[in-house]
Asks: 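Okay, here's the structure, questions in a sec.
To find a chain, count down the sequence lines: A is the first, B the second, and so on, and within it residues start at 1.
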Amino acid sequence: MIALALVLSLLAFLHFVFCSRGYYRELSGWPRSAFDFWLLQSVAWGFLLVSIIPCVLRWGFEIGLTIWFGLITVSALLVAVAVNYAWPLVSSLWRWSLVRVLLFRKC
Amino acid sequence: MGWLLFAIFLTGTVVFFRTEINYWMTPELHVSVPSPLSAQAGYTYLAENAPEAQEWQIDLPNTRQRELSVRWRNPGEEGGRRGGHRQVLDASTGEALNPRETAGADFLYRFHFQLHGIHWLPGRIIVGIASMLMFVGIITGIIAHKQIFKDFFAFRTRKSLRGLLDGHAITAVFALPFHLMITFSGLVLLAGTLVFWNNEGGRHRGGDETAAAVSQGPRLGVDTLPLAAILAQTEARWDVPVRSIAIEHPLTAQAEVEVDSSHRSGVSSGRGGGASLVFDAHGKLLRENPGVVAANAIEGTWNSLSLLHQARFAEPLLRWLFFLAGVLGCIMIATGLAYWPKKRRKQLGGRFGYELVSALNIAGVAGLCVATVALFWANRLIPAAAESRASLEISAFFLVWLATLLHAGLVRDRRGWAQQFALAALLCLALPALDASTSSAGLGQAWQSGDWVRLGFDITYFVAGLAFALTANKLSQASTLKYPRTSKASTAKPVLASREGAA
């Protein structure tokens, strides 16, 4: 459950990175449209909210929510480290991300 | 105020592992190995040494402590946290252990909310005011840094001033829920001291009732109570280990055995919110306590904030998450402190106030890290039989801190930071060697017996040592910027020699 929650929250923060104007341009090669922004934001928020479920199922609502806040701190930190020190990894993850494969095949 | 906040945050973060640190700081306990027969060993000890007691309590080993602890209270003796008698036992043999007197993590714990060397009330008021300013700082920080979410993942280390600000923002934003929770809950916990008409200062703990002597009837044999069956039934009920056993009127027909499970489903139920089963003297189940539920929303809120702040309910995963968030908080304050002198160096460098702030920054951040590790060294180097050794440990902590202040007064630039972080790294990296050479059980023995409480402490501080070494290395590379020592130092451009400067 914890691994699942961590993966989901990592995906959420990766999508927050993807929808940032500068990073999007660097990844795709062209400016971000309003549609791309809202789509990636929605996916990111979706992953983030869904990542609560495994925590609540495993630890109950009160403790599960507390653990979720801790896990998203770890995820955000890991993504920040990846963005600043392992950009090729972020780039590869973008190439394999479901949103890009399904909707942005041109990228 | 930043120095005080850093001290509160650092010591508060460290004592998320208070029990584990206390265990490390009492090496006489390291021989204790938990066993399925630990409860029976404690019961036998109490039956032999306190057969007339009114009340027994057996605290079993768990993931955070490996020793067995027994308490008892004789008829007519005061109850509460400090009442009665306590003995620490080897969890496998039931043999009495005599741990050394130590300040332990309890010193750091008390320091983080009431400081040291002054009466507890003004200490708590000072910490309360600092917490309030921290809370205001967090809220205003979110509002003031408009780019905070735009540059969410940016960490521009190539520009040192920008890097400090990014480091400050990243650590602030990533652990923002934790920072808000820990500051606000700390403020609520200290509310009693900030409200001046509250003459108890939030210190009342209750539970000071005296044990009334009751007619105990005929005494029963030690073997009457089927302890193993009781434990098995309780563990099966919630599928979690038993935490403690409390027996009222032991060895009599009126005995009531309450077996506390470590099962907890929420934080709003407070400290006593764990579930338990109650048995009679022959092991028959009398009733089930599903756990205390908060009487109302206000009590539930207070319980939640109190429990979250102290992380009393937290299992290892959540404890580590809290610790990590606490470390991020420390970095947030440290980078915030370091930013001001760096930003103002050109305008104010050389002036007394500026130089004082620079020195206090180094001693307040790097110096406190050195002093905290020095406390652990003092714990092992001061002879175990020394008189007032807890006070000696605390004196060592403050003397080392004072020494770092003197050093920072002499070396107020990056070299001061680098040298003190290098010293902290050295002390941390050598801590496992110190542990291996001064404990009653070697590290190999700890590995074989699965003593991850102790090994975890050594590994954590070794990793912290690596982080300090890395920081010291970065700072020493950058400190090749040579600062002229005249009073007008700041107005002269530094002589660039570093990679960063050249870039």
Asks: Which region of Leu307(B), side chain (C-beta onward) or backbone (N, CA, C, O), has a non-hydrogen atom less than 4.5 Å from a non-hydrogen atom of chain A, or is it both or neither?
Replies: neither
Asks: May I ask you to check whether over 12 heavy atoms, not counting those of Phe37(A), lie within 6.0 Å of atom CZ?
Replies: yes
Asks: To the nearest 0.5 Å, what is the distance between CD1 on Ile63(A) and CG on Leu317(B)?
Replies: 11.5 Å
Asks: A quick test of your reading: do over 12 heavy atoms of other residues, nucleotides or ligands sit less than 6.0 Å from CH2 of Trp87(A)?
Replies: yes
Asks: Is there side-chain contact between Trp59(A) and Glu315(B), with at least one heavy-atom pair below 4.5 Å?
Replies: yes
Asks: Please report the interatomic distance CZ(Phe69(A)) to CG(Leu318(B)), rounded to the nearest 0.5 Å.
Replies: 12.5 Å
Asks: Look at Leu65(A), Val83(A), Thr66(A) and state which one has the largest set of heavy-atom pairs under 4.5 Å with chain B.
Replies: Thr66(A)
Asks: Heavy-atom distance under 4.5 Å to chain A: side chain of Phe174(B), backbone, both or neither?
Replies: both
Asks: Checking Tyr23(A) against chain B: side chain, backbone, both or neither under 4.5 Å from a heavy atom?
Replies: side chain
Asks: Taking the side chain as everything from C-beta on, heavy atoms only, tell me whether Leu328(B) gets closer than 4.5 Å to Leu77(A).
Replies: yes
Asks: State, with a plain yes or no, whether a side-chain heavy atom of Phe178(B) is found less than 4.5 Å away from one of Thr73(A).
Replies: no
Asks: What part of Ile72(A) is in contact with chain B, defined as an atom under 4.5 angstrom from a non-hydrogen atom: side chain, backbone, both or neither?
Replies: neither
Asks: Leu321(B) and Val74(A): side chain to side chain contact (heavy atoms under 4.5 Å, CB included), yes or no, with the steps?
Replies: CA-CA 8 Å; Leu321(B) 291 173; Val74(A) 174; 3.4 Å; yes
Asks: Are more than 12 heavy atoms from other residues, nucleotides or ligands located less than 6.0 Å from atom CG of Asp239(B)?
Replies: no
